[in-house]
*Asks:* 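Here's a structure for you.
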Amino acid sequence: MSPTGLGITFLTLPLVVRAAAGGQWCYDSQDPQCGPSHWKELKATCGGDKQSPVNIDRRRLQRDGGLGDILFEGYDQAPPGKWRLTNNGHTVMLTLAGESASEHITISGGGLPGRYHAIQLHFHWGSPAQNGSEHTLDGHQLPMEMHIVHMNAKYQTLAEAKGHPSGLAVLGFFIQVSETTNTNYNTIVAGLRNVSHAGDSVDLASTFRLSTLLPRSGRLSGYYRYQGSLTTPDCSEAVLWTVFEEPVWIGQQQLKAFVSTVHFPLEGSVLLKMINNFRPLQPLRSRKIFASRGATASGGSLHRDHHQLLLSLLLLALLSLFLPAP
Ligand SMILES: *[C@@H]1O[C@H](CO)[C@@H](O)[C@H](O)[C@H]1NC(C)=O
Ligand SMILES: *[C@@H]1O[C@H](CO)[C@@H](O)[C@H](O)[C@H]1NC(C)=O
Ligand SMILES: [Zn+2]
C-alpha cells in the first residue's frame, strides 16, 4: 500500500464512524438507534410543543365557520415538463417544483393566510402487519397517508419558509385500501420499481393532473386544521396542517407495492425493505384542532352540546322545585 493510500484510509475512517454515531435520522424499522425517540438529540425542535403528527379526536374538535373550501389551482392540468420520483432513504417523493413548473400548482382560501405553491408529495406507510398513517382518527391508524407539501408564496426558499409558523401548508390524505386498483396511482406505483434503492430517482414518463390523486372534489370541503410541524427532522414548527376527512382509496396490490418494492439505505451489507416510515403520535398540548365548515358534524361534539342542554334543563327543573310558586 502506498503512503497516500494509508493516508486516505486514516482520513476517511473517522468520518465514517462519525456518520454512524450521529447526524443521521431514521425510523425504528431501519435502526432503533436513530429512530424517532432520538430525533430531538439531532434537532432540538423535534422535542418542541407543536409537533406532528397528532391524533384527531373528533369529540374534541372546534368548528370554525371560517374554514371554507380550499381553492385548488393548477391541480386540474398536467403541467408541462417532468416530475421526478425519488427514494430519499425515508420515503418515496414526487418533486412537483421544477425550476419553474410548480408556480402554477397552488392552494389558497380555506383559512390559509395567502397562496401556497406545491413543492413535492410523498407517502408514509406501514407493513403487512401494521397500518402506516401518521395522523390518526379517533385513535385509529389508517393504512397510508399522502402529504402534499406547499410553501407560502411570500417566501423565496424552503429555509426561509421554515422560519415562520405559516411558512408551509401540508395537505394530508388518509389512504384506505380495497380490492379495486386505483388506476390514477398507476404511474407512481409503476415508478416504485425504478426507485427501489435509496438515492434512486426516475423521471416519470408523463405528468398528470394532481387532482386525480385526491378524493372526489365534492368531498374536499371536510377537513381538519391545526398548527404543527414537519414530521421528519428538522421537525420545523412551520406547518399549517390540513387533514382531509375523506380518504383516497387504492388497491391492496398497490399498497403491497410500496411495502415490498422500496428499500432503506444500505447499512453495511444489510438491505431492509422500507416499511413503517411513519412518526409516532406527538402530544397536542394546548393546541386545538379545528373542523372546517364542511366537515361532518361529529357525533361527539353534538352529544356534548346535547348533554349541556340536558344538564341546564335539569338544573332549571330542580331550581324551580325550590322557587316559591307565584
Ligand atoms: C387498519 O386499517 C384498516 C382499514 O382501514 C382498518 O379496518 C383496521 O382497523 C386498521 N387497523 C388498526 C390496527 O388500526
Ligand atoms: C423502470 O423500470 C422498468 C422495469 O424494471 C424498466 O423497464 C424501465 O426501463 C425503467 N425506467 C427507467 C426510466 O429507468
Ligand atoms: Zn410526510
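Just follow the structure's listing: the first ligand is 1, and inside any ligand the first atom is 1. Atoms considered below: every heavy atom in the structure, side chains included; atoms not considered: hydrogens, waters and symmetry mates.
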*Asks:* Run the ring-centre check on His135 versus Tyr226 and record whether the distance is less than 6.0 Å.
*Replies:*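 So the answer is yes for these two rings.
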*Asks:* Run the ring-ring contact (aromatic ring centres under 6.0 Å, His included) test on His150 and His117 for me, step by step, so that the C-alpha distance in whole Å, both residues' side-chain angles and the decisive distance to 0.1 Å come before the verdict.
*Replies:* CA-CA 5 Å; His150 301 73; His117 295 303; 9.2 Å; no
*Asks:* Among pairs that include at least one residue of residues 147-264, which meet disulfide bond (SG atoms under 2.5 Å apart), considering only residues two or more places apart or in two chains?
*Replies:*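 As it turns out, the disulfide bond (SG atoms under 2.5 Å apart) pairs with a partner in residues 147-264, which skip direct neighbours, are Cys46-Cys235.
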*Asks:* Starting from the Zn ion (ligand 3), count all protein N, O or S atoms within a radius below 2.8 Å.
*Replies:* 3
*Asks:* Might you list the protein residues in contact with ligand 1, defined as having a heavy atom under 4.0 Å from one of its atoms, sorted by chain and number?
*Replies:*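 Ligand 1 pocket, heavy atoms under 4.0 Å: Asn131, Gln141, Pro143, Gln176.
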*Asks:* Any sub-3.5 Å donor-acceptor pair from Trp125's side-chain atoms to Thr91's backbone N or O?
*Replies:* no
*Asks:* Mind checking what makes side-chain contact (heavy atoms from CB on, under 4.5 Å) contact with Asp200, not counting sequence neighbours?
*Replies:* Val195, His197
*Asks:* Suppose I only count heavy atoms of Asn194 and a 4.0 Å limit; which atoms of ligand 2 are within that range?
*Replies:* 1 (C), 2 (O), 3 (C), 8 (C), 10 (C), 11 (N), 12 (C), 14 (O)
*Asks:* Could an N or O of ligand 2 be found under 3.5 Å from any N or O of Arg193, whether backbone or side chain?
*Replies:*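 Looking only at distances, the answer is no, because the N/O contact criterion of under 3.5 Å is not met.
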*Asks:* Under a 4.5 Å side-chain heavy-atom rule over Ile, Leu, Val, Met, Phe, Trp and Tyr, are Leu112 and Tyr155 clustered together?
*Replies:*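 In one cluster with Leu112: Tyr155, no.
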*Asks:* Can you tell me how the ring of Phe258 sits relative to the ring of Phe123, calling it parallel under 30°, perpendicular over 60° and tilted otherwise?
*Replies:* tilted
*Asks:* Report the residue from Gln51, Glu134, His124 that forms a side-chain hydrogen bond (donor to acceptor under 3.5 Å, both in side chains) with Arg279.
*Replies:*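 Going through Gln51, Glu134, His124 one by one, the side-chain hydrogen bond (donor to acceptor under 3.5 Å, both in side chains) with Arg279 is satisfied by Gln51 alone.
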*Asks:* Please confirm whether the ring centroid of Trp241 lies under 6.0 Å from the ring centroid of Phe290.
*Replies:* no
